[in-house]
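Working notes, structure below.
Numbers restart at 1 for each chain; the letters A, B, ... are given by sequence-line order, proteins then strands. Please read all numbers here as calculations on a predicted model, not as lab measurements.
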Number of protein chains: 2
Amino acid sequence: MSQSVGRALAILPMLAEGPAGLEQVATRLGVHKTTAMRLLRTLHEHGLVYRQDDQRYRLGARLFALAQAAAESLDVREIAHPHLVRLGEATGHTVHLAVYEDREVMYIDKVDSRYPVRMYSRIGRPVAITVAAVAKLLLADLPEPERRAVAERLEYPMYTPRSTPDAQALLAELAAVREQGWAADFGGHEESINCIGAPIRGADGRTAAACSLSAPNVVVTADELMTLLPQLRRTAAAISDDYSGRVPA
Amino acid sequence: MSQSVGRALAILPMLAEGPAGLEQVATRLGVHKTTAMRLLRTLHEHGLVYRQDDQRYRLGARLFALAQAAAESLDVREIAHPHLVRLGEATGHTVHLAVYEDREVMYIDKVDSRYPVRMYSRIGRPVAITVAAVAKLLLADLPEPERRAVAERLEYPMYTPRSTPDAQALLAELAAVREQGWAADFGGHEESINCIGAPIRGADGRTAAACSLSAPNVVVTADELMTLLPQLRRTAAAISDDYSGRVPA
DNA sequence: AGGTTGGTTGCGCACCGCGCAACGTGCATT
DNA sequence: AATGCACGTTGCGCGGTGCGCAACCAACCT
């Protein structure tokens with residue numbers, strides 16, 4: 001909507017892929033290097049980008065502060081955290097917390113597995129939205145039109161043979177998830193990793209967030225993981241209670 | 001440098017303090033609401049702000065992804081992390097990692113204490129720059145003119161009677177720190193919390209980061225904490241070795 | 001030395017972003 | 001139920017501002 005602002009903001013994801021010099025930024029943006037420089041300067045003044053010694057730009061430390069503030073304003077996270085830690089300690093597996101926002105599902109918290117095998121997932125990483133258990137839970141509760149719109153606009157990468165192949169399959173899966181009140185992903189994202197998830201509901205009954213328990217096959221089988229489902233659901237329910245007890249913003 | 005971009009970016013720290021409506025943003029920015037709206041829309045399109053149900057804006061989830069990417073591009077962090085975890089497990093106390101960037105010192109990693117008493121510090125929070133051990137270490141190694149410039153431009157809040165009172169005191173302290181190769185903060189930030197820190201040096205010998213060990217008086221006295229100094233310094237040295245062994249970006 | 005690549009500065013044109021005014025819309029108040 | 005109010009939204013014409021050009025530097029390579 002606003003040209004220069006749009007261009008400036010487009011620089012950020014560019015730099016997220018790695019540091020870049022002025023010329024590089026300019027060509028990738030499709031603007032004159034003078035223009036790119038003015039934008040970068042402004043970003044720099046606000047601490048969003050940093051100029052390293054070799055004169056290349058990378059993302060700045062101020063982003064930490066902003067992300068931190070963003071996290072704090074999501075009060076689900078604050079409330080859920082101790083519950084997740086407890087679940088992590090009790091089971092020893094990796095625990096995730098995710099929310100849906102603007103057609104994307106994002107991890108907003110994580111408790112690492114006690115086992116040496118650590119999964120490659122990170123707070124802030126966009127979730128594999130077509131397969132992850134938390135994604136299914138969050139999508140399942142969207143109002144029908146948005147759910148369809150999102151499902152049809154998605155890409156369906158076949159991470160493994162068990163990945164959700166297309167919109168139709170996803171929508172069917174979502175219906176099942178909505179029905180049963182929990183979700184699973186058995187090797188749909190990475191062949192050897194299984195995952196189960198449960199919804200966290202706000203005072204209005206809508207799914208405000210979702211949490212999950214993940215473990216690789218080498219540690220526990222899918223069946224063994226499923227025995228933890230009641231415990232996971234109890235945790236999710238406890239968080240829901242805590243969360244819906246609060247006065248809504 | 002670029003008006004509209006500057007205005008747009010000024011919105012972010014505003015929203016960091018809490019959600020705000022259009023009118024509120026406009027007045028605080030000192031612009032017409034229609035202008036504020038265009039800026040917010042652009043920010044929204046790029047995922048940096050999110051519009052919640054009550055039409056107020058707050059920081060968006062995309063910030064997580066950017067902050068995450070920013071963290072990854074700081075390879076000190078990747079390298080240091082396992083060392084810090086080990087130190088945390090060995091001592092049981094809180095471990096911090098911080099870097100200096102553009103007149104600010106930021107925490108970029110943290111390992112929580114095993115004890116129930118948890119400190120209020122957060123990755124992304126700006127550090128109490130005049131007193132924290134890590135801050136002194138990082139400032140101590142700046143080139144003389146920048147060090148002076150920073151010291152003189154700072155504010156010197158007296159968190160406690162032991163806080164560094166002014167620029168002169170800070171500069172003297174920095175000289176001592178540079179001399180002895182480590183730093184301490186005994187109750188200068190919070191009365192009952194002590195902290196010791198050590199520098200992490202890059203291949204060029206410059207201080208690239210600093211790590212610290214903090215604990216409240218109720219757990220260990222300052223003297224007891226000091227007995228851990230050699231261990232802390234060994235950790236810092238190990239990280240330095242790892243770090244300077246790498247090919248510099 | 002000369003060439004090349006990449007960053008910086010000055011400047012005039014026009015485009016883009018600005019604020020105004022008018023219009024919706026939902027909530028509160030009577 | 002009607003009226004008022006507060007706040008968000010849309011259309012539009014003017015002018016400032018952000019644009020790209022061109023020329024200048026500096027560093028590095030050959």
Side-chain angles (χ1 to χ4, degrees), chain A residues 1-12 14-15 17-60 73 101-102 143 145-146 203-204 206 247-249, chain B residues 1-12 14-15 17-60 73 101-102 143 145-146 203-204 206 247-249:
Chain A
M1 206 89 238
S2 177
Q3 191 187 57
S4 52
V5 178
R7 285 172 170 174
L9 299 184
I11 292 177
L12 297 178
M14 259 183 60
L15 294 185
E17 295 166 21
L22 173 60
E23 179 94 359
Q24 201 177 343
V25 171
T27 45
R28 288 186 61 181
L29 262 189
V31 301
H32 197 270
K33 39 180 189 169
T34 292
T35 306
M37 184 164 145
R38 238 168 320 107
L39 300 176
L40 281 165
R41 278 217 183 127
T42 313
L43 288 168
H44 179 77
E45 278 167 19
H46 289 256
L48 296 192
V49 309
Y50 177 70
R51 186 148 206 204
Q52 45 189 22
D53 300 334
D54 58 357
Q55 288 191 324
R56 293 191 308 164
Y57 295 89
R58 62 169 173 72
L59 296 179
S73 75
E101 184 176 309
D102 266 339
E146 187 174 1
D204 53 1
R206 297 282 315 277
V247 280
Chain B
M1 206 90 237
S2 177
Q3 190 186 59
S4 53
V5 177
R7 285 173 171 175
L9 298 184
I11 292 177
L12 297 177
M14 260 182 61
L15 294 184
E17 293 166 21
L22 174 60
E23 180 97 357
Q24 200 177 344
V25 170
T27 45
R28 289 186 59 182
L29 260 189
V31 301
H32 198 268
K33 49 182 180 169
T34 190
T35 304
M37 184 165 137
R38 240 170 317 107
L39 300 176
L40 281 165
R41 277 213 183 135
T42 314
L43 288 167
H44 178 77
E45 280 168 19
H46 289 256
L48 296 192
V49 308
Y50 177 69
R51 186 147 208 207
Q52 45 189 22
D53 299 336
D54 58 357
Q55 289 192 325
R56 292 191 309 164
Y57 295 89
R58 62 169 172 74
L59 295 179
S73 74
E101 183 176 309
D102 267 339
E146 185 173 3
D204 53 1
R206 299 282 314 278
V247 281

- May I ask you to test the A:Arg28-A:Glu17 pair for a side-chain heavy-atom distance under 4.5 Å? yes
- Starting at CZ of A:Arg28 and ending at C1' of C:dG6, how long is that distance when rounded to a whole Å? 17 Å
- Task: Give the angle between the helix axes at the two ends of the helix from C:dA1-D:dT30 to C:dT30-D:dA1, taking five base pairs at each end and rounding to 10°.
- Result: 40°
- Roughly, in whole Å, what's the span from CD in B:Gln24 to C1' in D:dA6? 14 Å
- Any side-chain heavy-atom pair of A:Arg7 and A:Thr35 under 4.5 Å: yes
- Return the value, rounded to whole Å, for the distance between atom CZ of B:Arg51 and atom P of D:dT9. 4 Å
- Item | salt_bridge(A:Glu101, B:Arg58) N-O dist < 4.0 Å | yes
- Between C:dC27 atom C1' and B:Gln55 atom CD, what is the distance in whole Å? 12 Å
- Please report, rounded to the nearest Å, how far the P atom of C:dC18 is from the CE atom of B:Met37. 13 Å
- Length of the line joining B:Arg41:CZ and C:dG17:C1', which is rounded to integer Å: 14 Å
- Message: Closest approach to the side chain of A:Leu22, judged atom by atom: which nucleotide of C:dG19, C:dG7, D:dG8 is it?
- Response: C:dG7
- Along DNA chain D (nearest heavy atom to each residue), the more 5'-positioned of A:Gly30 and A:Lys33: A:Gly30
- Message: Can you identify which nucleotide, out of C:dG19, C:dT8, D:dT10, has its nearest atom closest to the B:His32 side chain?
- Response: C:dG19
- Report yes if at least one side-chain N or O of B:Arg38 is closer than 4.0 Å to OP1 or OP2 of D:dT10; otherwise report no. no
- Atom-to-atom span, CG of A:Asp54 to C1' of D:dC28 - whole angstrom: 15 Å
- Message: The side chain of A:Thr34 is closest to which nucleotide in this list: D:dG20, C:dG17, D:dT9?
- Response: D:dG20
- Item | A:Leu22 side chain near A:Gln55 side chain, heavy-atom distance below 4.5 Å | no
- Check: A:His46 side chain, A:Leu48 main-chain N or O, donor-acceptor pair, under 3.5 Å: no
- Item | B:Leu29 vs B:Leu39 side-chain heavy atoms within contact, under 4.5 Å | yes
- Query: Checking only heavy atoms, does the side chain of B:Ser4 share a donor-acceptor pair with the base of C:dC18 at less than 3.5 Å?
  - Reply: no
- Query: Is the shortest heavy-atom distance from the side chain of B:Arg206 to the side chain of B:Pro143 under 4.5 Å?
  - Reply: yes
- Which residue lies toward the 5' end of DNA chain C, A:Tyr57 or B:Thr35, if each is placed at its nearest nucleotide? A:Tyr57
- Find the distance A:Ile11:CD1 to D:dG18:C1' and express it as a whole number of Å. 14 Å
- Task: Identify which nucleotide among C:dG19, D:dT9, C:dG17 has an atom closest to any side-chain atom of A:Ser2, counting heavy atoms from C-beta outward.
- Result: C:dG17
